[in-house]
Amino acid sequence: MLIKREKIVAGNWKMNLDRQKSIALAESIATQHADASSVTIVLCPPNVYIEAVGAAIGIAQGKNASRLALGAQNMHELANGAFTGEVAAAMLVDCGCRYVILGHSERRTLYAETNATVNAKTKAALAAGLTPIVCVGELLEEREAARTDEVVARQITGSLSGLPAADFTRIIVAYEPVWAIGTGRVATPQQAQEVHALIRGLLVTMSSADIAGQVRIVYGGSVKPDNANDLASQPDIDGALVGGASLKAEDFLGIAKAFQ
Ligand code: PGA
């Protein structure tokens, strides 16, 4: 059975832009994202600009509000407490977020996040009503040692362990080979499709074929308007998580269009 999954393209702004540029970018995207687009766009600005970007997106509300959403780049797994510098899931919801990126490779490598951390955060995000975008992906040396499948399988089972089967429909998985992030070296559509199919197979064993068939699996790593069409043509690639190219409205919208 062919299941039609709604496509999603998320922009991870990372630690870039200032308030004025964030608002200008969000307004530009909001006004140009076609009313009739079947693609959901998620903007993930730095936390301090989330509300300003939300207000900028509000300009287009009633127009394509349901196709344009806010997300955060990270969160803490606990609800509150003495965790200086951290932000909880409910706080993100309070600021208008519907999505949160979890376990990005930069968090895993620079801030020592483990699969167990990502698992705890995923559960906390779901409990707060957020849609987690859970990132996995192998390092270059792991791919070169033919260990991609093993690494990705460990990340998927570890990061998503203990979730009730029904909750799998509420998550998005991002496959982001670390060697492709910010390097301009994109995975070939075939390489990406292979891993996406592997991930979907793992999700079948963790939930059911029916549920796994509904999970959006997006690709990330040097996605640009000129490689997005080929990626979008793959059966298990349901959208993109975009870093660098999400900072330019024209490029980002070009990518979203490819998934239409
Ligand atoms: P990139 O980043 O598009 O700049 O490669 C992707 C990401 O980090 O999510």
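Counting starts at 1 for both ligands and their atoms, following the listed order. Just so you know, residue 1 is the first one in the sequence shown, and it goes up from there.
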Query raised in the report: Do ligand 1 and Lys14 have nitrogen or oxygen atoms that lie under 3.5 Å from each other?
Result: yes

Query raised in the report: So, is His104 polar-close to ligand 1, with some N/O to N/O distance under 3.5 Å?
Result: yes

Query raised in the report: Is the closest N or O pair between Ala245 and ligand 1 shorter than 3.5 Å?
Result: no

Requested in this report: List the closest protein heavy-atom neighbour of atom 4 (O) of ligand 1: residue, atom name, distance to the nearest 0.1 Å.
Outcome: Gly244 N, 2.8 Å

Query raised in the report: Under 4.0 Å between a Lys/Arg side-chain N and an Asp/Glu carboxylate O for Glu77 and Lys123?
Result: no

Query - ligand 1 atoms in contact with Ala180 (distance to a heavy atom under 4.0 Å) - result: 5 (O)

Query raised in the report: Between Glu113 and Lys121, is there a salt bridge with N-O shorter than 4.0 Å?
Result: yes

Report task. Number the atoms of ligand 1 from 1 as they appear, then name those within less than 4.0 Å of a heavy atom of Glu176, with their elements. Result -> 6 (C), 7 (C), 9 (O)

Query raised in the report: Which is it for Ser105 and Glu176 under the side-chain hydrogen bond (donor to acceptor under 3.5 Å, both in side chains) test, yes or no, and what are the steps along the way?
Result: CA-CA 8 Å; Ser105 71; Glu176 298 205 301; 5.4 Å; no

Report summary line: Near Gly221 (heavy-atom distance under 4.0 Å), the atoms of ligand 1 are 5 (O)

Query - Under 3.5 Å side-chain donor-acceptor pair for Ser28 and Gln32 - result: yes

Query raised in the report: Does the side chain of Trp179 come under 3.5 Å of the side chain of Glu138 through a donor N or O and an acceptor N or O?
Result: yes

Query raised in the report: Which atoms of ligand 1 have any heavy atom of Leu241 under 4.0 Å away?
Result: 9 (O)

Query raised in the report: Could an N or O of ligand 1 be found under 3.5 Å from any N or O of Gly220, whether backbone or side chain?
Result: no

Report task. State the OH-CG distance between Tyr219 and Asp238, to the nearest 0.5 angstrom. Result -> 15.0 Å

Query - Distance (rounded to the nearest 0.5 Å) between Thr169 OG1 and Ile211 CD1 - result: 6.5 Å

Report summary line: Looking only at non-hydrogen atoms, the one of Gly182, Gly243, Ser105 nearest atom 5 (O) of ligand 1 is Gly182

